[in-house]
Amino acid sequence: MAQDLGAYLETESPAGFAPRPYYGAEEDSLTFYLRNDESYARRIDERVTVFLSFDKDELVGCQVKGVRRHLQRFGDFGVHITKGKIRLGMFFHILAFMIPEPERRARYLELGQATKDVELDTGELVPP
Amino acid sequence: MPNGPPKYWTLRGASPTGSGTWEVRIPHALVEHVQRYGPEHKFHELRLVKEVLELPTVVFEGLREEQEEGLCYAGVPPCRYSNAGARLPVPPGRTFLVFVTVFQWRWEEMDPAMSGYPLDWRTRFGRQKWPKT
């Protein structure tokens, strides 16, 4: 097994694509790609960055910061999420209602629609 | 000698002081996730991470709004990668960012007035560590 990243990249190949969220507990950040399209990032606000395809600027994925913190905050609004799975789309829809600016809210709603079938296991959202 | 990959990969990057180099750690869990689930071009882009860490156009300290620690290296590498691993021309108006401490890498829109700098760099980031202003 390579002990050098350069050698690792030469010997390993990507296994393909599967839309699977990555949660980084140390940074409390979730990254999710819907599609395999080559993309660049556009920051929406301090919470959300979207990934857009190079060729058509279409939504390809997103990164959300402070997932665990937001879920705790939802409790203040009477939305209690206990252990189990939540739909990522619902997460974006709830956040959208907290945003007064129409353009930003529309982007959150777009993300909510795009991720409506993506499940997030709250058991994975544990602090490091 | 361990059989598996290390918990962290290390790369040497330009020191944010502007003098010499230093080690940057990349969690293997993140590399492995990208290798297994893609997107495939993100895996190949790890080659660009090394290039921008070694020869950045600019290094910023901290993300202002989130009051985060950490550094952001930005620069324009010689190419981008397709999902198949082919080298393609650099997308116009884009710069490549590498975030250190909370490790991430991605293309973003470039400030048209400052080659290699990301858009809104004045409001997004804290102090510019390098080049010294």
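Predicted model, so just to flag it, every value in this text is computed and none were measured. By convention in this document, chain letters (A, B, ...) are assigned in the order of the sequence lines, proteins followed by strands, and residues within each chain are numbered from 1.
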Checking heavy atoms, do the side chain of [X], its backbone, both or neither come under 4.5 Å from chain A?
{"X": "Phe96(B)", "answer": "neither"}
{"X": "Ile26(B)", "answer": "side chain"}
{"X": "Leu97(B)", "answer": "neither"}
{"X": "Val49(B)", "answer": "neither"}

Quiz prompt | Ionic contact status for Arg105(A) with Glu101(A), cut-off 4.0 Å | solution =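 Looking at Glu101(A) and Arg105(A), the cut-off is not met.
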
Self-check item: Cationic N near anionic O, under 4.0 Å, Arg47(B) to Glu10(A)
Solution: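 Judged by the 4.0 Å cut-off on N to carboxylate O distance, Arg47(B) and Glu10(A) do form a salt bridge.
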
Would you please say whether a donor-acceptor pair under 3.5 Å links the side chains of [X] and [Y]?
{"X": "Glu27(A)", "Y": "Gln104(B)", "answer": "no"}
{"X": "Thr95(B)", "Y": "Glu108(B)", "answer": "no"}
{"X": "Arg122(B)", "Y": "Tyr117(B)", "answer": "no"}

Exercise. Give, as side chain, backbone, both or neither, the part of Tyr22(A) having an atom under 4.5 angstrom from any heavy atom of chain B.
Key: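 For Tyr22(A), backbone and side chain are both near chain B.
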
Quiz prompt | Portion of Phe17(A) that has a non-hydrogen atom of chain B nearer than 4.5 angstrom | solution =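 Both backbone and side chain of Phe17(A) come within 4.5 Å of chain B.
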
Quiz item: Say you draw a straight line from OG of Ser29(A) to OH of Tyr23(A); how long is it, rounded to the nearest 0.5 Å?
Solution: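 OH of Tyr23(A) is found 8.5 Å from OG of Ser29(A).
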
Please answer whether the main-chain N or O of [Y] pairs with a side-chain N or O of [X] as donor and acceptor at a distance below 3.5 Å.
{"X": "Asp28(A)", "Y": "Arg68(A)", "result": "yes"}
{"X": "Glu58(A)", "Y": "Leu52(A)", "result": "no"}
{"X": "His33(B)", "Y": "Arg20(A)", "result": "yes"}
{"X": "His93(A)", "Y": "Gly89(A)", "result": "yes"}
{"X": "Asp45(A)", "Y": "Val48(A)", "result": "yes"}

Practice problem: Enumerate by number any residue of residues 36-43 of chain B whose heavy atoms lie under 4.5 Å from heavy atoms of chain A; in the absence of such residues, state 'none'. | Solution: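 From residues 36-43 of chain B, the residues near chain A are Arg36(B), Tyr37(B), Gly38(B), Pro39(B), Glu40(B), His41(B), Lys42(B), Phe43(B).
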
Quiz item: Which members of residues 11-22 of chain B, sorted by number, sit under 4.5 angstrom from chain A on a heavy-atom basis?
Solution: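 Leu11(B), listed by number.
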
Quiz item: By number, which residues in residues 34-42 of chain A have some heavy atom less than 4.5 Å away from chain B?
Solution: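 Within residues 34-42 of chain A, the residues under 4.5 Å from chain B are Arg35(A), Asn36(A), Asp37(A), Glu38(A), Ser39(A), Tyr40(A), Ala41(A), Arg42(A).
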
Exercise. Indicate, with yes or no, if the rings of Trp9(B) and Tyr8(A) have centres closer together than 6.0 Å.
Key: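 Between Trp9(B) and Tyr8(A), the centre distance is under 6.0 Å.
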
Practice problem: Indicate yes or no: at least one non-hydrogen side-chain atom of Leu111(A) is less than 4.5 angstrom from one of Phe91(A). | Solution: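 Counting from C-beta outward, Leu111(A) and Phe91(A) never come under 4.5 Å.
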
Quiz item: For Glu51(B), which residues count as a salt bridge (Lys or Arg N to Asp or Glu O under 4.0 Å) partner, sequence neighbours excluded?
Solution: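 Residues passing salt bridge (Lys or Arg N to Asp or Glu O under 4.0 Å) with Glu51(B): none at all.
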
Quiz item: Can you list the steps and then say if His44(B) with Arg87(B) is a side chain to side chain donor-acceptor pair (under 3.5 Å)?
Solution: CA-CA 9 Å; His44(B) 299 301; Arg87(B) 293 164 71 99; over 6 Å; no

Self-check item: Nearest heavy-atom neighbours spanning Pro89(B) and Arg80(B)
Solution: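 Minimum heavy-atom contact is O-CG, 3.5 Å.
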
Self-check item: Pairs of heavy atoms under 4.5 Å with chain B: top-ranked of Gly61(A), Ala18(A), Pro19(A), Gly66(A)
Solution: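 Ranked by heavy-atom pairs under 4.5 Å with chain B, first place is Ala18(A).
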
